[in-house]
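To start, the structure itself, in structure tokens.
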Number of protein chains: 2
Amino acid sequence: MDQYFDAQRPLYEVKANLFKGLSHPIRVSVLEVLTRKAEVSVTELLTSTGLESSHLSQHLSVLRRHNLVVAERRGSQVFYRLAYPQVADLLRVARSLLVEILQTTHEQLATSAGLPELVQDPS
Amino acid sequence: MDQYFDAQRPLYEVKANLFKGLSHPIRVSVLEVLTRKAEVSVTELLTSTGLESSHLSQHLSVLRRHNLVVAERRGSQVFYRLAYPQVADLLRVARSLLVEILQTTHEQLATSAGLPELVQDPS
DNA sequence: TCGTGATATGATAAAGTCATCAAATCACGA
DNA sequence: TCGTGATTTGATGACTTTATCATATCACGA
């Protein structure tokens, strides 16, 4: 069992660790492929991410270690799936938050775009 | 506008950046205080986190930069609130995922606990 | 057993984050 | 204006993560 899933650790620490596992674009990208298709082979993930195999493997290892995915070897191929459906939920909520942020910041941009230009200092 | 909220950036990159903002225990802890109480002063956060003020402030700055919180100064005091309600949703879903993970890993532990002890090598 | 495809692991420099202390800034009353 | 409380920002060494290449391991057919 990973040291982070120790009953003694405060939940906010465990949460922060979970978010660490999600903090790389490639790893988010992999998880999103897995929300769309129940099971995906490493070969397929290599294609969809465009990574070299050992690079992808390092990231997959992080995902496994954080209990975000499970791997199953079948012959010489390995297939990955989301470890829990809540992982997909998390990505979904993150998306809706980002959409909200994007809208708000665009509104702010639109507002500031109406401001007069700065008067250039003559000196 | 933060460079991460550029319409050109893929969503998985923006998401990963969001998760980075959430990847420290103190920052999760602050956000959770803010899910329980609409608005909290820095002084209060200092008490609830037990941090020294400049340490907390560094983390608050990360939260602001990631659009997770908004700050409002009133006199010599500054009050923080969640920037969007979806931040609380995110923490909630993370929690339910972790509960699931914890249950599953505990089940696995309970299973492996029934295995016989390793036979000690005589050499 | 060997060769090959598929995948994981090891190693390490560079980049990024964290922890912590020093200094600066803001607000306000005397 | 000065002193003080509250808070932020700057600086920097320690620690962690990322990127990338080398190597090892697993599976399988010849």
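Every chain is numbered from 1, with letters handed out A, B, ... down the list of sequences.
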Can you list everything that forms a side-chain hydrogen bond (donor to acceptor under 3.5 Å, both in side chains) with A/E72? Sequence neighbours excluded, please.
A/R74
So the contacted stretch of DNA chain C, first to last nucleotide with an atom under 4.0 Å from a non-hydrogen atom of chain B, runs from C/dT17 to C/dC28
Hey, could you give me each pair passing ring-ring contact (aromatic ring centres under 6.0 Å, His included) that has a residue in residues 30-55 of chain A? Not counting sequence neighbours.
none
Contacts satisfying salt bridge (charged side-chain N to carboxylate O under 4.0 Å, His left out) that involve residues 82-93 of chain B (not counting sequence neighbours) are B/D89-B/R92
Hey, could you give me each pair passing ring-ring contact (aromatic ring centres under 6.0 Å, His included) that has a residue in residues 24-49 of chain B? Not counting sequence neighbours.
B/H24-B/H59
Within residues 28-36 of chain B, the residues having a heavy atom closer than 4.0 Å to DNA chain C are none
For residues 28-36 of chain A, which side-chain donor-acceptor pairs fall under 3.5 Å, sequence neighbours excluded?
| residue | atom | partner | partner atom | Å |
| --- | --- | --- | --- | --- |
| A/E32 | OE2 | B/K15 | NZ | 2.3 |
| A/T35 | OG1 | A/E32 | O | 2.8 |

Using a 3.5 Å limit for the pairing distances, which stems of at least 3 consecutive Watson-Crick or G-U wobble pairs does DNA chain D take part in?
C:1-30 with D:1-30
How about B/R95: does its CZ atom have over 12 heavy atoms from other parts shown lying under 6.0 Å from it?
no
Atom pairs and distances, side-chain donor-acceptor, residues 42-51 of chain A, under 3.5 Å, sequence neighbours left out:
| residue | atom | partner | partner atom | Å |
| --- | --- | --- | --- | --- |
| A/T43 | OG1 | A/Q77 | NE2 | 3.2 |
| A/E44 | OE1 | A/K37 | NZ | 3.1 |
| A/E44 | OE2 | A/K37 | NZ | 2.9 |
| A/T47 | OG1 | A/T43 | O | 3.2 |
| A/S48 | OG | A/E44 | O | 3.2 |
| A/S48 | OG | A/L45 | O | 3.3 |
| A/T49 | OG1 | A/L45 | O | 2.7 |
| A/T49 | OG1 | A/L51 | N | 3.3 |

Check nucleotides 6-9 of chain D for protein N or O atoms closer than 3.5 Å to its own N or O atoms and list the pairs.
| residue | atom | partner | partner atom | Å |
| --- | --- | --- | --- | --- |
| D/dA6 | O3' | B/S76 | O | 3.2 |
| D/dT7 | OP1 | B/V78 | N | 3.2 |
| D/dT7 | OP2 | B/T43 | N | 3.4 |
| D/dT7 | OP2 | B/T43 | OG1 | 2.7 |
| D/dT8 | OP1 | B/Y80 | OH | 2.6 |
| D/dT8 | OP2 | B/S57 | OG | 2.9 |
| D/dT8 | O5' | B/S57 | OG | 3.4 |
| D/dT9 | OP2 | B/R64 | NH2 | 2.8 |

Residues two or more places apart in sequence or in another chain: which of them pass side-chain hydrogen bond (donor to acceptor under 3.5 Å, both in side chains) with B/R73?
none
Among pairs that include at least one residue of residues 45-59 of chain A, which meet salt bridge (charged side-chain N to carboxylate O under 4.0 Å, His left out), considering only residues two or more places apart or in two chains?
none
